[in-house]
Every structure is written in structure tokens, then in C-alpha cells.
Amino acid sequence: MSSNIKVKRICQHCSKEFTARTTVTKYCSHKCSQRAYKARKRAEKVKQSNAESTRIINQPIEQLKAKEFLSIKEVCQLVGISRRTVYRLIENGNLNKIKIGSRTLIKRSALNRLLSNKETGKSEIPEQQINDPKNWKQTRAFDIKDCYTLTEVQDKYKVSESTVQQLIKRNRIPKIKKGWYAYVPKHIIDELLT
């Protein structure tokens with residue numbers, strides 16, 4: 001049965017306009033149809049391979065989640081932080097450790113407690129101390145969400161890096177270093193620069 005239909009369509013592979021003889025034709029030629037099929041099959045294989053890789057990568061994480069005691073290295077893998085950060089948390093008293101011989105172990109419940117405090121946003125700093133910047137200076141403790149990074153101070157107040165450093169040194173502004181960034185309290189900086 002022949003068709004007299006002539007429909008203007010856009011090829012779904014090469015995006016060229018062509019005249020189709022049916023209303024369901026998707027491709028301008030057999031070559032475009034084959035290329036689209038190969039591209040579809042390739043994408044399916046890549047997706048399947050990525051899913052398999054993700055499963056293999058996550059398998060050790062699932063095993064770590066099941067353990068009751070974790071080594072420093074395992075805590076780093078599970079949480080995605082550096083060894084130095086884990087030791088800093090231990091030194092600050094935020095994370096309890098257990099010494100067995102020469103090994104340092106972290107109880108899973110202590111790690112969960114630390115992470116749940118960070119997720120809920122509970123500040124470990126008393127409310128009175130947060131409201132009074134003089135107390136911040138004295139105790140040298142403050143919450144990161146109430147702080148600027150040094151780059152944010154530069155961008156907000158249009159000052160150079162050396163000016164920010166001099167301001168911090170001259171006014172003895174408390175500074176906390178976490179990872180790559182140094183943080184300073186917003187309240188004190190706003191008070192000085194406005």
C-alpha cells in the first residue's frame with residue numbers, strides 16, 4: 001500500500017529537515033536511524049557501567065556503616081574528611097576516642113552524635129556568648145555559620161587581603177581555621193567596617 005502523505009519533519013539524530021511519508025518517521029535516512037540506535041545502546045552501556053562502578057565504590061561504605069568501632073582512616077572514608085580534621089575534632093573534645101594499645105578507635109555512636117549535632121545546626125556555644133562579641137574575643141570560640149571567610153570580607157567591603165589581615169591582627173579578632181578557610185565573626189567585622 002503506497003502513501004501519498006508528505007510531512008515535513010526534523011530528523012531526531014542530525015536535526016535536518018526532511019520530507020517523511022508517514023507521521024511516525026523519526027529519522028531522515030537509514031544511516032541516521034542506525035547512528036541513533038548505536039548512540040542509544042552506547043548510552044545504556046555507559047549507564048550500566050556507571051551503576052556497577054557506583055555499587056562497587058559504595059560497598060565498602062556500607063560495610064563501614066555496619067561496624068561499631070572505626071579506625072581514623074575508616075572515619076575519614078565514611079565522612080569524607082581528612083585525617084587532620086579527625087584529629088582536630090578529637091583534640092577539641094568534639095569526638096571521643098578509645099585507645100587500644102597503639103590504635104585509636106572511634107565509637108560509631110560518638111560519630112553519629114557529632115554528625116547529628118552538625119546537621120541540626122545546634123551550636124555548642126552558649127546563646128549569651130553569641131550575642132556578646134567581647135565574650136567571643138575572650139573565649140576565642142564561635143560558630144562558623146555566624147562567620148565570614150576572609151575572601152567574603154574582601155568582597156563585601158572591597159578591601160585587600162593585607163588590609164583584612166592587618167585589621168584582624170590590630171583588633172585581635174578571633175580567627176578559626178577549618179580546612180582551607182579561615183573564619184572571623186560577622187558581628188565583629190560588621191561593627192569595625194561599617
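Values below: every heavy atom of this structure, side chains too, minus hydrogens, waters and symmetry copies. Just so you know, residue 1 is the first one in the sequence shown, and it goes up from there.
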Tightest non-hydrogen contact, residues Cys11 and Phe18, listed as N-CE2, 3.4 Å
Considering only heavy atoms from C-beta outward, does the side chain of Lys16 approach that of Ile10 to under 4.5 Å? no
Heavy-atom closest pair, residues Pro185 and Pro174: CD-O, 3.3 Å
OG of Ser71 to CD1 of Ile100: how many Å apart, nearest 0.5 Å? 11.5 Å
Please check if the number of heavy atoms outside Gln165 that lie under 6.0 Å from its CD is greater than 12. yes
May I have the list of side-chain donor-acceptor pairs in residues 37-48 shorter than 3.5 Å, sequence neighbours left out?
{"from": "Arg40", "atom 1": "NH1", "to": "Tyr27", "atom 2": "OH", "distance (Å)": "3.4"}

Applying salt bridge (charged side-chain N to carboxylate O under 4.0 Å, His left out), can you list everything that pairs with Arg55, at least two apart in sequence or on another chain? Glu52
Please name the pair of heavy atoms, one in Thr25 and one in Ala20, separated by the smallest distance, quoted to 0.1 Å. CB-CB, 3.8 Å
Linked, directly or transitively: Ile81 and Ile106 (ILVMFWY side chains, under 4.5 Å): yes
Which is it for Ile72 and Leu105 under the side-chain contact (heavy atoms from CB on, under 4.5 Å) test, yes or no, and what are the steps along the way? CA-CA 7 Å; Ile72 300 293; Leu105 297 176; over 6 Å; no
Any chance you could lay out the side-chain contact (heavy atoms from CB on, under 4.5 Å) test for Val184 and Val153, step after step, and finish with the verdict? CA-CA 9 Å; Val184 288; Val153 175; 4.0 Å; yes
Does Lys169 NZ have over 12 foreign heavy atoms under 6.0 Å away? no
Inspect the surroundings of CZ in Phe69 and state if more than 12 heavy atoms from other residues, nucleotides or ligands are less than 6.0 Å away. yes
Gap separating the NE2 atom of His187 from the CG atom of Leu192, nearest 0.5 angstrom: 10.0 Å
One should read off an interatomic distance between Leu167 CG and Arg172 CZ, to the nearest 0.5 angstrom, of 13.0 Å
Closest non-hydrogen contact found for Val7 with Ile5 is CG2-CG2, 3.3 Å
From CG (Leu89) to CG (Leu114), nearest 0.5 Å: 5.5 Å
Let's go through Tyr157 and Ile189 carefully: what are the C-alpha distance in whole Å and the side-chain angles of both, what is the deciding distance for side-chain contact (heavy atoms from CB on, under 4.5 Å) to 0.1 Å, and is it a yes or a no? CA-CA 10 Å; Tyr157 292 105; Ile189 294 293; 3.9 Å; yes
Is there side-chain contact between Asn94 and Arg113, with heavy atoms separated by less than 4.5 Å? no
Inter-residue atom distance His13.NE2 - Gln34.CD, 0.5 Å rounding: 10.5 Å
With a 4.5 Å cut-off on side-chain heavy-atom distances among I, L, V, M, F, W and Y, is there a chain of contacts connecting Ile188 to Val159? yes
On a heavy-atom basis, the closest approach of Val75 and Leu111 is CG1-CD1, 4.2 Å
Does Arg9 use its side chain to pair, donor to acceptor, with the backbone of Thr23 at less than 3.5 Å? yes
Partners of Lys67 by salt bridge (charged side-chain N to carboxylate O under 4.0 Å, His left out), sequence neighbours excluded? Glu74
Could you note down all residue pairs passing side-chain hydrogen bond (donor to acceptor under 3.5 Å, both in side chains) where residues 75-87 supplies at least one of them, sequence neighbours left out? Ser82-Thr85, Arg84-Glu91
Using the side chain to side chain donor-acceptor pair (under 3.5 Å) criterion, which residues pair with Ser160? Sequence neighbours excluded. Ser162, Thr163
From CA spacing to verdict: side-chain contact (heavy atoms from CB on, under 4.5 Å), Lys107, Ile98: CA-CA 8 Å; Lys107 198 167 183 182; Ile98 300 167; 4.3 Å; yes
By salt bridge (charged side-chain N to carboxylate O under 4.0 Å, His left out), which residues pair with Asp190, not counting sequence neighbours? Lys156
State the CD-SG distance between Gln12 and Cys32, to the nearest 0.5 angstrom. 11.0 Å
